[in-house]
Every structure is written in structure tokens, then in C-alpha cells.
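Contents: one structure, followed by commentary.
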Amino acid sequence: MYDLIIKNGYVVSPSSTVQCDVAVQGRMIAGLGHYEETEGRRVIDASGKYVLPGVIEAHMHCMAPFQGALGANSFYEQSISAAFGGVTMYMDFANMGKGDSPYKQALARADEMKESAIDYSVHGKFVESTPEAIADIEKMAESGIPTFKMFMTYKKEGVMSDDETMLKVFEKAKQVNGLPMVHCESNGIAEINIEKCEAKQDFSWVNFAKCKPVLCEAEAFARAVYFAEYVGNALLVVHTTNGEALNTARRAHGKGLPIYVETGPHYLTLFDDLYQGENGHLAICSPPLRTPKEAQELWEGLQDGTILLTGSDDCTFDVDEKSMFLEKNPDGTWKQDFRKVVNGMSGIEIRLPLLLSEGVSKGRISINKVCELTSTNIAKIYGCYPQKGIIAPGSDADLVLVDMEKEVTLSKDVLHNNISYCLHEGFKVKGYPVMTISKGKVIVENGEFKGKQGDGEFIKRKIHPVYLERYGLN
Ligand code: DUC
Ligand code: ZN
Ligand code: ZN
């Protein structure tokens with residue numbers, strides 16, 4: 001007798017879509033094939049639905065003190081919103097300041113995440129390269145934390161890694177089969193542009209995007225790629241927004257270099273015209289939103305395999321936090337000052353719906369590609385495959401049932417992220433997760449959350465060396 005049988009769904013993997021049943025025993029998938037209803041304690045009819053491996057979010061910032069704000073959600077609340085978006089595992093970053101131990105901060109972060117209803121992991125973060133900090137890399141890798149994040153900007157915020165820090169982290173990461181993750185924006189280009197705004201005293205939302213143009217990102221992207229090539233290790237670039245950077249990646253891939261590129265659904269679906277609105281500050285994130293031209297370049301990057309990963313870069317701030325340092329004009333409008341806006345937008349709950357709708361329903365990518373981009377590739381490159389990221393016997397029974405016919409108009413009222421606005425307000429999607437199963441337990445069903453605080457477990461990760469030696473996740 002199985003604990004659960006999911007009957008008749010279209011079971012999706014990166015390479016196939018097969019109509020069959022999935023049998024679950026305890027927390028694990030027991031088998032795929034045909035099972036009688038009498039063989040299951042509970043049977044879920046998935047006829048007409050797609051069954052995908054649970055979405056993995058490897059890029060979010062929850063309860064992370066940043067630019068004076070903390071975020072709207074506790075980890076438990078974040079895990080609820082995530083679960084409604086089909087997410088069954090997420091990863092956050094250690095909070096780091098100069099002098100902190102990256103290892104201790106990573107463990108402290110994992111501790112904070114214990115209240116999550118879904119499984120979780122942590123990335124280390126580096127802001128300097130003292131011998132003590134570099135020595136922590138080995139301890140983190142041994143503890144199941146083989147990914148190390150660095151920012152090439154945010155110098156004023158005290159979290160930028162300089163070139164030496166990047167090189168030293170890259171070198172040490174290579175020794176322990178670790179993977180550096182980099183936010184690529186040239187601090188120099190951004191800062192000289194901000195100085196020009198200061199000279200004109202014009203800090204409009206629109207100027208935020210102008211201060212961090214495509215080349216600001218592409219220069220840092222190329223530098224990071226050259227560092228990786230020089231050191232001879234793999235690199236993961238987060239939230240890539242444009243074809244200029246992708247062309248650098250393509251050149252690197254041509255040489256076989258393991259440069260893994262992530263983009264986020266907001267760069268595929270939202271554009272810089274949002275900065276023209278009175279509430280444009282709500283859309284301020286880094287890198288900034290671009291134009292439909294760059295979005296098209298990203299779709300091409302997804303189609304041709306230059307981009308193998310997606311992440312939401314979720315930073316859920318409510319209006320009060322986004323606006324906490326702003327003042328108003330006598331007429332009640334905002335005194336626009338992009339320097340005083342905390343960067344980031346909410347997105348964990350809509351990553352899968354946006355990819356299903358804008359990707360699969362619009363014929364740009366297959367559902368198998370969505371499976372790779374939201375789960376399988378993430379599990380492989382971040383080192384938790386095949387425990388996660390695939391529907392196969394022995395893997396965790398983390399599943400999301402998708403109804404490709406379901407139409408939803410995105411709005412603050414349909415999301416569960418505790419904020420009073422939605423940048424996709426009114427955006428119509430076709431294709432939506434309708435049930436989420438975490439380690440064999442149904443945690444979202446019929447629009448209701450049924451998970452439990454604290455049910456999430458820390459997942460130790462280890463990256464297969466083959467992915468770090470040459471480009472490709474097959
Ligand atoms: N970008 C954001 O928009 N917010 C947090 C960090 C980042 O890189
Ligand atoms: Zn970033
Ligand atoms: Zn981020």
C-alpha cells in the first residue's frame with residue numbers, strides 16, 4: 001500500500017512528458033507506472049494536469065537587512081507564498097558584514113530558516129577576503145554549503161567584493177568543488193552616473209535605470225567571466241538581463257567554460273516604462289528593468305541554452321519599506337530620489353506561472369524546458385540532484401501539479417506575499433500551479449495552505465564535479 005498515488009497526470013522531466021501514475025511512500029517517490037486506486041491510501045486524480053518536480057528557488061532575500069529594510073515576510077510566511085507558486089525548496093544568503101565569519105553567518109542563516117514549511121539551504125556570502133574568511137570556504141563546503149555569493153557593486157552599502165576578493169574566493173572555491181555566484185554590475189559605472197545625477201540634482205526613477213545601463217552589467221559580467229577563466233573554475237551569474245552579457249557567455253561556452261547564467265521572470269515580463277510612473281520606485285531593483293528588446297534577447301538565451309537557470313531574486317518589501325526614506329512634495333507626489341529606495345521586488349510566487357504562461361502557453365519554450373529552468377537544472381548546479389529536481393524513484397516526493405488551462409489575472413489579492421501592491425497587477429496568465437506536494441505531503445490544495453511551520457529541513461548540498469569542469473548539465 002502506497003501513501004499516495006497521483007493518477008494519470010502528464011509527468012514532466014527535461015526530456016519527456018509521459019502520462020502515468022506516480023506512487024509515493026513516505027517522503028519519497030516509490031515508482032512511476034500504472035497503479036490501481038486500491039494501492040493508495042490517498043489517490044489524487046491528475047487527469048489533464050502536468051506533474052512537475054517541485055520548483056526550487058535558489059535566489060531570494062528574505063529577512064535580509066539591506067539598505068535599511070528587512071522585508072515583509074518571516075521565513076514561514078515566505079515559505080507559504082513560495083508553496084502557492086509550486087516552490088518546494090528555497091535557498092537564501094548569509095547576512096554578511098566586514099569582520100563576520102562567512103561560515104558562522106551561513107549557519108546562523110540556516111538556523112533562522114528552520115521555521116520554513118519547505119526544505120531550504122543557504123549560500124555563503126563574501127564581502128572581503130581576509131585569510132579567516134577564505135578559510136571558511138572549506139568549512140562551508142563540508143557542511144553542505146558549496147555556493148558563495150559576491151556582489152560587484154553596493155560598495156557604499158559595504159557588501160561589494162573587490163577584484164582581489166573575487167579572485168581569492170574563486171580560487172578557494174575551485175579547491176573544494178564550490179561554485180561562486182556573482183551579481184554583476186560595475187560599481188564604478190553606476191557611481192559616476194550617480195555623481196552626474198547629483199550635479200543635476202535629478203534623481204528621478206527613470207534616472208535609476210540610466211545609471212545602471214546594459215554596459216554597466218555587461219562590463220562586470222565580462223570581468224567575472226575572465227576571472228573564472230583565469231582561475232579555471234566554474235561561475236554562476238545571477239539575474240542576467242541582456243544579450244550583450246549573453247554574448248560573453250556564448251563565447252565562454254564556445255570554449256567549454258562552465259559559466260552558468262540565471263535570469264529572472266521580471267526581466268522577461270516587466271519593462272523600464274514602469275519607472276515613468278509616480279510609483280516607479282516600487283519597481284526599482286538591481287539590475288534595473290530593461291526594454292522589450294532585452295527581454296527578447298533573454299528569451300533567445302533561454303531557447304538556445306545560454307541561460308540554464310531562473311531565479312526570482314525575491315525581495316518582498318511593502319510600500320512602507322520601499323518608501324521609508326522618501327519624502328513627499330506639497331501636492332502629495334513623491335520627491336523622487338532613487339538613491340533612497342530600497343532595491344528589490346517580490347517574485348517567488350509567480351516565477352512558475354510567468355514561465356508557464358509567457359513561455360509555454362505562448363509557444364516560446366516547452367514545459368520540459370520549464371522543468372529544467374525551475375527545478376532540474378537548479379538541483380544539478382546547486383548540488384541537490386537527484387534528491388531534488390526530478391520525479392524518479394528514490395527522489396523526494398516534491399511535486400507541483402499544473403493546470404495549463406487555468407487562467408489567472410495576477411493581482412495583490414491572488415498572491416500570498418503580504419504586500420499591498422503587485423507589479424504585475426492585471427497581468428493575465430494561462431497555466432498555473434494547482435497543487436503543491438512537499439516530501440509526500442500536500443501543502444497547497446484548492447487554494448488553501450496545508451503545510452506546517454518547521455516542516456522544512458536543511459538540505460546538504462554537494463555539486464557534481466562534472467558540472468564544474470565543463471559547461472553543460474546533462
Ligand atoms: N538586487 C535587488 O534588487 N535587491 C537585492 C539585491 C539585489 O541584487
Ligand atoms: Zn543581485
Ligand atoms: Zn539577489
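We count ligands from 1, going down the list as the structure has it; atoms in each ligand are counted the same way.
Side-chain atoms of S116 and Q78 include no donor-acceptor pair closer than 3.5 Å. When only modelled atom types and interatomic distance are considered, E132 and S101 share no side-chain donor-acceptor pair under 3.5 Å. In the model, E171 has no side-chain atom that pairs as donor or acceptor with a side-chain atom of Q175 under 3.5 Å. Defined by atom type and a distance below 3.5 Å, a donor-acceptor pair is present between the side-chain atoms of N343 and S286. Between the side chains of N95 and Q105, no donor N or O sits under 3.5 Å from an acceptor N or O. A donor and an acceptor atom, one from each side chain of S346 and N417, are located under 3.5 Å apart.
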Would you list the atom pairs, donor with acceptor, under 3.5 Å between side chains in residues 247-258 and any protein atom, with sequence neighbours excluded?
residue, atom, partner, partner atom, Å
N247, OD1, R250, NH1, 2.8
N247, ND2, G243, O, 3.4
T248, OG1, R251, NH2, 3.4
R250, NE, D304, OD2, 3.0
R250, NE, T306, OG1, 3.2
R250, NH2, D304, OD2, 2.9
H253, ND1, A249, O, 3.4
H253, NE2, I259, O, 2.6
K255, NZ, E229, OE1, 3.2
K255, NZ, E229, OE2, 3.0

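The side-chain contact (heavy atoms from CB on, under 4.5 Å) check on C315 picks up H61, D313, F317, with sequence neighbours excluded.
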Please give the N or O to N or O pairs under 3.5 Å between ligand 1 and the protein, distances rounded to 0.1 Å.
residue, atom, partner, partner atom, Å
ligand 1, 1 (N), Y154, OH, 3.4
ligand 1, 1 (N), S286, O, 2.9
ligand 1, 3 (O), S286, N, 2.8
ligand 1, 3 (O), G344, N, 3.4
ligand 1, 4 (N), N343, O, 3.1
ligand 1, 8 (O), H183, ND1, 2.8

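The number of protein N/O/S atoms found under 2.8 Å from the Zn ion (ligand 3) is 3.
The backbone N or O of L308 lies less than 3.5 Å from a partner atom in the side chain of N377, making a donor-acceptor pair.
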